[in-house]
Amino acid sequence: MRAEAPRFGRRLLIRGAAQPPAQATMHLFETLKQRVTTIAQGEGLSVGLDRIAVETPRDPTHGDLATNAAMVLAKPAKRNPRELGEIIAARLVEDPLVAGASVAGPGFVNITIAPEAGAKVVKAALDGAAFTRLAETDAPQKVNVEYVSANPTGPLHVGHARGAVVGDALANVLALRGHAVTREYYINDAGSQVDALARSAFLRYREALGETIEIPSGLYPGDYLVPVGEALAREHGEALRDMAEEAWLPIVREVSIAAMMAAVREDLDVLQIRHEVFFSERSLQVPTDIVAATIQRLEGEGLIYQGVLPRPKGQADDWEDREQTLFRSTQYGDDIDRALKKSDGSYTYFASDIAYHDDKIQRGFDRLIDVLGADHGGYVKRMTAAVAALSHEKVQLDCLLCQLVKLYRAGEPVKMSKRAGDFVTLRDVVDEVGADPVRFMMLYRKSDAPLDFDFAKVTEQSRDNPVFYVQYAHARCASAKRQAVEALGADVLDDLSEAAAEQLVDAGEKALIILLAQWPQVLAAAADSAEPHRVAFYLHELASALHTQWNRGKDDTALRFVNAEARDLTRARLALVEAVQAVLRTGLSALGVSAPSEMR
RNA sequence: GGCCCCGUAGCUCAGCCGGAUAGAGCAACGGACUUCUAAUCCGUAGGUCGUAGGUUCGAAUCCUACCGGGGUCGCCA
């Protein structure tokens, strides 16, 4: 059963059908890399061309850009890197995009770009969507991103929020990279935990009928099941109470799961997270036992056997050797073979998950990504092995582990215990601080690093708060344009692509242009490495460069974006502002964070 | 004990498919600003990139071992 959720993010899924006209696109780094490669080929060099990189040097006195070409090409060609560098530099300066090139250090070629090159970058970035399409891959894949997949036994808590945001942003980034992305949620509705849920709801049902109940440990004590009990009482009266458990449990279970999933979707909704596919684990067993069929297929390949696992060292005092159905995951790099059936004959979670991943493979995905909590780290090898076995190593599985989130309130840790009602739900956090800070902060850290989340800090309006800092940069761009209109009339913003942007030669303006030029490759790298946090850091850097330039205008009015005495220069700078704003807006949108025009 | 992740400035962290003098923010120190281009700005100082080896012309980055922190370890999901 695959319930199709309302379509969402379709815009992100649509690939740019028509390539924009050539002069509108300017991938500065790619273009220069091409030029350098061509020069190298003209010199008869062919080994190491793919290692040529054009990057920004750490030290800005080294120029705007630098290439390692001379160094990576010299060795295989048995040539002197500095000499080779001189040749490359001499040829590069012939290029109209290049104002200067010189050899430095062990053989770096440092490049100063011409004002015309900067102007092209600015004009390309004016159309944020077209500029972003420069990040599209020429080898698009069908990618499945599975994330959240929380047990439907209660509301989502803060820990889930991180996986939810990371998965969603990753899906966005992959889509912008040109891949066909499906966002998916696996509903664990088949195990013993949902039976425990049903028993808990049944107690609430009896409570609704007037009984005094006590919820034993092992069941779910949260009062979020009270309404479920009441609904059961309304619908069934006392009918369920007199049934045997085998009779009422399936009924109560189904109602409870439906209620929990409705709550989960509402919780995700407040973060604007929508999955396209909700996949039921139970549907792999009922009405048809797809799990069995999958196992049988693997058995045909000699990957299933009855066996006894070795006793693990160091612990497991109560270990008893036991023969069970095992998957030969060691054949694909796992440390130990893994059990597929429990002693009562039912499938392990892993067995169902094998069938589930097989379903994804059958649906034709080239790449599968599972966003998991860090406590599932031990699960990665076996699932990777299973996908390799099922797809005959054709399909790649990447598991992205998200570390824990620690909550703070003004520096003090927020205490959470597992007891009823004493954990912070996703909804609590979003209600208190808003969706934007939650989303941005969850992405402002590598996902495999622990994250501190401070309620006070993320709503603070200061530069210490990265969410505010980036959004404010976007708002500041809007503000600059408003001021320009006031000073120079509404038509000052017309046809900014016609502005004389080659006037943007100030160091701060150039720094902004170089940063803008990096956007397509930052996005591409974030997608390829499955690291959406790179986008967040990049946006912070771009925001910082904008604020810096703005602040320089305080000391030196000649640098202000808006100058009522110099309409032509103002228009050039407005083009830059517009370009920065477009990239900020596109980037924030990829992260699912709003881009306000003013901060209130 | 096995496996996975992490260890970078006082703090919180980027950088990691090898490249130049290792970066940012906070805190510290020294200045500027008294303002709607608002929700600060400029500068200074701060480092055996956990330790020890190895590969390399070149290592925070790759390999090995160890130390420290976290997670996880047959029928929970």
Side-chain angles (χ1 to χ4, degrees), chain A residues 51 53 55 57-59 61-62 66 68 71-72 74-75 81 104-108 110 149-153 186 188-194 196 281 308-316 318-322 324-326 334-353 372-381 399 401 403-404 444-452 454 457 460-466 468-469 472 475-476 479-480 483 525 528-529 533-534 536-538 540-541 544 547-555 557 559-562 599-600:
Chain A
R51 292 181 59 205
E55 306 166 319
R58 292 189 202 289
D59 187 340
T61 64
H62 290 149
N68 62 353
M71 289 183 296
V72 298
K75 195 173 187 183
F108 286 99
N110 292 330
S149 296
N151 293 333
T153 53
Y186 183 52
N188 305 135
D189 54 4
S192 56
Q193 293 187 0
V194 286
E281 178 185 4
V308 179
L309 287 176
R311 171 196 296 255
K313 287 176 187 166
Q315 57 164 286
D318 56 346
W319 178 272
E320 262 178 63
D321 285 342
R322 183 178 292 116
Q324 51 195 335
T325 305
L326 297 172
D334 199 0
D335 307 307
I336 199 168
D337 292 334
R338 302 293 175 175
L340 298 176
K341 280 188 181 176
K342 305 178 194 172
S343 53
D344 68 358
S346 63
Y347 297 117
T348 59
Y349 177 79
F350 180 49
S352 298
D353 217 7
L372 304 169
D375 55 341
H376 287 62
Y379 195 68
V380 173
K381 277 192 182 182
C399 292
L401 297 179
Q403 275 290 350
L404 299 178
Y444 198 58
R445 186 110 319 169
K446 233 175 0 189
S447 62
D448 53 9
L451 170 69
D452 294 340
D454 194 312
K457 203 171 234 173
E460 195 173 281
Q461 300 220 336
S462 79
R463 74 165 298 172
D464 302 351
N465 175 5
F468 171 78
Y469 193 66
Y472 182 38
R476 197 164 239 181
S479 165
Q483 289 172 30
D528 295 349
S529 61
H533 76 277
R534 292 183 189 217
F537 277 92
Y538 168 81
H540 191 264
E541 206 177 337
S544 172
H547 288 311
T548 298
Q549 188 64 2
W550 180 276
N551 286 320
R552 287 177 73 213
K554 284 193 208 170
D555 294 334
T557 54
L559 291 175
R560 293 191 175 192
F561 294 135
V562 177
M599 306 298 286
R600 286 288 166 194

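Every chain is numbered from 1 and lettered A, B, ... according to where its sequence line falls, protein lines coming before strand lines.
A gap of 42 Å separates the C1' atoms of rG19(B) and rC33(B), to the nearest Å. Comparing the same atom, C1', in rG30(B) and in rA45(B) gives a spacing of 10 Å after rounding to whole Å. A gap of 28 Å separates the C1' atoms of rG74(B) and rG69(B), to the nearest Å. Rounded to a whole angstrom, the distance from the C1' atom of rG25(B) to that of rC41(B) is 15 Å. Taking atom P on both rU61(B) and rG54(B), the two are 14 Å apart, rounded to the nearest angstrom. The gap from the P atom of rG50(B) to that of rG15(B) amounts to 15 Å, rounded to the nearest Å. Only the C1' atoms considered, rA27(B) is 8 Å distant from rG10(B), to the nearest whole Å. Between rG7(B) and rA14(B), the two C1' atoms lie 15 Å apart (nearest whole Å).
Residue contacts shown for Asp321(A) include a base, since a base heavy atom lies under 4.0 Å away. At a threshold of 4.0 angstrom between heavy atoms, the contacts of Phe350(A) with the nucleic acid are absent.
Side-chain atoms of Thr548(A) come within 3.5 Å of backbone N or O of Ser544(A) as a donor-acceptor pair. Side-chain N or O atoms of His376(A) include none that pairs as donor or acceptor with a backbone N or O of Cys399(A) at under 3.5 Å.
Look at CZ on Arg338(A): it is 15 Å from P on rA77(B), rounded to the nearest Å. Taking atom CZ of residue Arg463(A) and atom C1' of nucleotide rC42(B), one finds them 12 Å apart after rounding to whole Å. Between Asn551(A) atom CG and rU35(B) atom P there is a gap of 17 Å when expressed in whole angstrom units. With rounding to whole Å, Lys457(A) atom NZ is found 10 Å from rA27(B) atom C1'. One can place CH2 of Trp550(A) at 13 Å from C1' of rU35(B), the figure rounded to the nearest angstrom. Leu401(A) has its CG atom 8 Å from the C1' atom of rC5(B), to the nearest Å. Protein atom OH of Tyr444(A) is 12 Å distant from nucleotide atom P of rA24(B), rounded to whole Å. In this structure, Asp335(A) places its CG atom 9 Å from C1' of rC4(B), rounding to the nearest Å.
Heavy-atom minimum distance, Ala339(A) versus Phe350(A): O-CD2, 4.0 Å.
In terms of the salt bridge (Lys or Arg N to Asp or Glu O under 4.0 Å) criterion, Asp375(A) has no residue partners (sequence neighbours excluded). Looking at residues two or more places apart in sequence or on another chain, you find no side-chain contact (heavy atoms from CB on, under 4.5 Å) involving Leu404(A). In this view, Arg560(A) satisfies the salt bridge (Lys or Arg N to Asp or Glu O under 4.0 Å) rule with no residue, not counting sequence neighbours. Among residues two or more places apart in sequence or in another chain, the side-chain contact (heavy atoms from CB on, under 4.5 Å) test is passed with Ala66(A) by Pro57(A), Asn110(A). The ring pair (Phe, Tyr, Trp, His ring centres under 6.0 Å) check on Tyr349(A) picks up Tyr379(A), with sequence neighbours excluded. Scored by the side-chain contact (heavy atoms from CB on, under 4.5 Å) test, Asp452(A) finds Lys406(A), Tyr408(A) as partners (sequence neighbours excluded). When the side chain to side chain donor-acceptor pair (under 3.5 Å) test is applied to Glu460(A), the partners found at least two apart in sequence or on another chain are Ser462(A). In terms of the side chain to side chain donor-acceptor pair (under 3.5 Å) criterion, residue partners of Asp335(A) (sequence neighbours excluded) are, by chain and number, Lys381(A).
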Below 3.5 Å is the cut-off: list the nitrogen or oxygen pairs between protein and nucleotides 19-23 of chain B, distance only.
{"unit_1": "rA20(B)", "atom_1": "OP2", "unit_2": "Arg58(A)", "atom_2": "NE", "d": "3.4"}
{"unit_1": "rA20(B)", "atom_1": "N6", "unit_2": "Asn110(A)", "atom_2": "OD1", "d": "2.8"}
{"unit_1": "rA20(B)", "atom_1": "N1", "unit_2": "Asn110(A)", "atom_2": "OD1", "d": "3.1"}
{"unit_1": "rA20(B)", "atom_1": "N1", "unit_2": "Asn110(A)", "atom_2": "ND2", "d": "3.2"}

Between the protein and nucleotides 62-72 of chain B, are there any N/O to N/O pairs under 3.5 Å, and if so, what are the atom names and distances?
{"unit_1": "rG71(B)", "atom_1": "O2'", "unit_2": "Ala374(A)", "atom_2": "O", "d": "3.3"}

Nucleotide N/O to protein N/O under 3.5 Å, stretch nucleotides 32-34 of chain B:
none

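The phosphate of rC42(B) (OP1 or OP2) has no side-chain N or O of His547(A) nearer than 4.0 angstrom. Within the 4.0 Å cut-off from OP1 or OP2 of rU37(B), not a single side-chain nitrogen or oxygen of Arg552(A) is found. Close to rC73(B), at under 4.0 Å from its OP1 or OP2, lies no side-chain N or O of Arg311(A). A sub-4.0 Å separation between OP1 or OP2 of rU37(B) and a side-chain N or O of Arg560(A) is absent.
Nearest-nucleotide positions on RNA chain B for Ser192(A) and Gln461(A) put Gln461(A) closer to the 5' end. Along RNA chain B, the nucleotide nearest Lys446(A) and the nucleotide nearest Leu309(A) are compared for position; the residue whose nucleotide lies closer to the 5' end is Lys446(A).
Taking only side-chain atoms of Asp464(A), from C-beta outward, the nucleotide of rA38(B), rC13(B), rC26(B) with the closest atom is rC26(B). Listed nucleotides rA14(B), rG74(B), rC3(B) differ in distance to Lys381(A); the shortest reach to its side chain belongs to rC3(B). Comparing rA39(B), rC4(B), rU37(B) by their closest approach to the side chain of Met599(A) singles out rA39(B). Nearest to the side-chain atoms of Gln193(A) among the listed nucleotides rU37(B), rC76(B), rG15(B) stands rC76(B).
No side-chain heavy atom of Phe468(A) sits less than 4.5 Å from a side-chain heavy atom of Arg463(A).
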Quiz item: Dot-bracket for RNA chain B, 5' to 3', counting Watson-Crick or G-U wobble pairs under 3.5 Å, with [ ] for crossing pairs and | for inter-strand pairs?
Solution: (((((((..((((.....[...)))).(((((.......))))).....(((((..]....))))))))))))....
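Remark: the Arg476(A) side chain and the His547(A) side chain contain an N/O donor-acceptor pair separated by less than 3.5 Å.
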